[in-house]
Amino acid sequence: MFMPTRKHFHASIFTTLLTCMGVSNALATSQNADLNTLRQKYQTAQSLFDQGKVEQARSLTHQLEAYPLYPYLAYRELMYTLPGLNQQAIANFQKRYPDFPLQGNLYSSWMSYLAGKGLWKNYLAAYDKERADDNLKCFRAAALYAVGDTKQADEYTQQLWLTGTSQPGSCDKAFSAWKGRGKQTTAMIQLRFAHALEKDNDGLAAYLNKLLPAGEQPRAKLLLGYYQKPETVLPVIRSLQKRPSADLAIIYAHALKRYGRSQPEVAVSLAGEKATFLYIDEANKNDAFDYYLGRIASQTPERYELFRQRYQRPYDDDDAEKVLRYWLAQPNWQEVLKLVNALPAEIQKDEVWRYWRARADLQTGQNATIANQALAALAKERSFYGYLAAQTLKQPYQLNHQPLPVSSQRQRDVMSMPAVMRAIELNILGQDWQSRREWFNALDHMTQDEKVAAARLAAQWQWHFVSIFTMAKAKYWDDTQIRFPMAYSNVFVPSAKALNLDPDWVMAISRQESAFRNDARSPVGARGLMQLMPATAQHTAKNFNLGTFAADDLYKPEVNIQLGTHYLLEVKNTFSGNRILATAAYNAGPSRVKRWLNERGHLPADVWVETIPFNETRKYVQNVLTYAVIYQKKLGIPEELIKPQERHLGPDTTVAKTPL
């Protein structure tokens with residue numbers, strides 16, 4: 001089975017370069033040979049820097065100024081010579097390579113060097129607030145004290161102090177000077193203590209409590225108790241007759257908010273009574289009320305409208321959708337209609353509301369003509385709700401493929417960008433994540449049409465993930481050739497068919513999981529195209545006698561697809577061959593899906609998907625089903641969003657099987 005290799009990708013890149021540059025084959029062959037020589041010298045220079053052989057590395061570096069990756073060597077040379085640098089050297093490097101992704105590292109390293117040496121005047125002269133992280137901000141406060149600008153130092157240090165998060169150790173010098181000038185007052189400690197509790201940082205609050213005078217510590221301990229047992233603050237708030245001090249108001253309001261996580265109706269009612277005392281302005285009050293309404297929408301959605309009207313708050317899209325899901329699960333179509341009709345006109349334009357209003361109209365027998373007209377308009381869209389509408393009306397699914405024209409000149413412009421040239425070279429050298437870093441950094445400096453041209457180039461080179469990401473950055477959604485490539489189809493299709501799986505569905509899963517990035521790794525350790533956890537892969541290999549493999553083998557497309565399709569088969573079999581439930585289980589786990597089925601009884605498939613309790617899983621299932629239709633079109637398979645056997649889901653949609 002043919003699998004594209006890095007060699008094939010490089011040949012594709014080289015062909016594009018020839019086309020864009022109009023270079024003859026003979027000249028191109030000669031230039032490519034020269035490039036290979038430069039690549040070898042570049043790798044040797046990097047190795048010399050790694051070994052600490054700086055002089056030899058410098059000597060080789062100076063021979064490579066024409067090579068696209070020269071800035072990486074120049075950067076390393078500068079990092080080795082920080083003591084001899086000055087502001088002009090840093091500025092010159094920035095001016096020469098403005099799009100170089102390690103500019104921030106160089107700046108931070110040099111500024112930290114100046115701070116470490118106590119060169120405070122130089123530090124302040126070079127300080128750039130746009131590039132300063134928390135460490136550099138703290139050093140700036142120390143620098144202001146060191147040069148005698150105590151007024152500005154006091155004001156700036158107070159800003160650093162009044163935060164609910166822990167500050168880095170580089171702030172200690174400034175905080176010490178600030179304290180020595182009598183600025184770390186009891187009031188300042190109390191206010192930061194309040195901010196710490198507001199940020200749920202009880203560790204910092206406990207530390208600050210120790211800084212308070214002994215006579216104030218019992219009070220702080222009492223306030224910490226409100227944080228730990230928020231119900232104890234209710235009588236205190238009820239007894240308020242005037243606005244408390246700023247630190248107390250923050251703590252009372254936050255403790256009430258913590259109580260409102262489980263008892264939002266009590267909290268919002270008390271907040272309504274005492275808003276004048278609890279909140280310093282309307283914005284803070286409204287934020288609190290909107291939080292409580294969101295909790296009510298989650299816990300007692302049938303009462304959301306009562307409280308929304310009582311406190312005259314506008315509809316929130318997310319809260320309204322929580323209420324919608326509640327009425328759909330009942331189902332209560334009259335309440336669905338009432339909810340949709342009460343929404344502002346702007347919100348009603350969203351596809352989710354257009355679809356469910358039409359469904360409710362049809363379900364209740366009201367306005368069938370208007371409902372069908374609304375569905376017909378929605379069916380023109382390439383989306384989950386558009387495809388639901390098309391299936392309801394038995395109309396064709398729309399792909400709406402409309403690629404933007406890209407001139408060869410625009411492609412040449414993009415190819416000639418230094419960051420793009422560096423990305424290409426890094427990819428050729430096998431440094432994939434560094435290549436992507438360069439490419440993505442370059443996108444921040446491109447116009448929309450340049451991004452589209454870049455996406456087209458990446459697609460030609462089979463950089464599937466990069467081309468998809470680039471088109472998304474361009475915010476152009478109608479080039480379905482680039483957004484939904486036939487990536488690894490020569491492996492996906494036969495692997496799926498061998499297991500009697502729908503290849504469009506398998507490709508849709510991979511498109512959603514990794515956007516076809518073969519070296520993808522999630523924060524929890526899922527790997528590769530189909531984002532398999534190593535333990536899941538081992539379980540699957542054992543169950544299907546697929547042999548042994550190393551965890552890093554999951555980054556190999558052929559291995560990942562083999563194991564991923566077998567695991568998908570196992571999950572699908574758990575749910576009687578139902579793709580919708582198997583898709584939900586692939587994301588949230590089979591046990592959760594079984595629980596949802598048992599809790600909700602029988603529901604139509606569209607209602608079941610809409611009422612999935614996890615936002616991530618709901619969107620995941622909607623995307624995969626939509627992407628599957630797109631890949632059905634591309635593979636020449638009859639298009640069907642929801643298959644006949646999937647149209648009603650209930651507790652009996654599973655087979656007896658050991659949980660995965």
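Residue indices begin at 1 and follow the sequence shown. This is a predicted model, so every value here is computed, not measured.
Taking the centre of each ring, Trp433 and Phe440 stay at or above the 6.0 Å mark. Ring to ring, Phe307 and Tyr292 are not that close: their centroids are 6.0 angstrom or more apart. Aromatic pair Phe465/Phe516: ring centres not closer than 6.0 Å.
Here the closest heavy-atom approach between residue Ala455 and residue Ser467 is recorded as O-CB, 3.5 Å. Asn400 and Arg382 make their closest contact through O-NH1, 3.4 Å (heavy atoms, listed as atom of the first residue, atom of the second, distance). Nearest heavy-atom pair, Pro403 versus Arg456, reported as atom, atom and distance to 0.1 Å: CB-NH2, 4.2 Å.
Below 30°, between 30° and 60°, or above 60°: for Trp439 and Trp463 the angle between ring planes is above 60°, a perpendicular geometry. Relative ring orientation between Phe544 and His566 is described as perpendicular, the plane-to-plane angle rising above 60° on a 0-90° scale split at 30° and 60°.
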Where do Arg354 and Gln348 land on the side-chain hydrogen bond (donor to acceptor under 3.5 Å, both in side chains) test, with the steps shown first? CA-CA 6 Å; Arg354 291 162 60 194; Gln348 289 187 33; over 6 Å; no
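A salt bridge links Lys349 and Glu346; the closest N-O separation between the charged side-chain nitrogens and carboxylate oxygens is under 4.0 Å. Using a cutoff of 4.0 Å between basic side-chain nitrogens and carboxylate oxygens, Arg647 and Glu640 are scored as salt-bridged. Ion pairing between a basic and an acidic side chain is recognised when a charged N comes within 4.0 Å of a carboxylate O; Glu335 and Lys338 show such pairing. The pair Asp519-Arg517 counts as a salt bridge, with a side-chain nitrogen and a carboxylate oxygen less than 4.0 angstrom apart. We find that Arg261 and Asp200 are joined by a salt bridge, their nearest charged nitrogen and carboxylate oxygen being less than 4.0 Å apart. Using a 4.0 Å cut-off between charged side-chain N and carboxylate O, Asp504 and Lys634 make no salt bridge.
Looking at Ser298 and Lys322, their side chains do bring a donor and an acceptor atom within 3.5 Å of each other.
Both the sub-6.0 Å distance and the 45° axial angle are satisfied by Arg308 relative to the ring of Tyr315.
Residues passing the salt bridge (charged side-chain N to carboxylate O under 4.0 Å, His left out) test with Glu231: none are found, sequence neighbours excluded.
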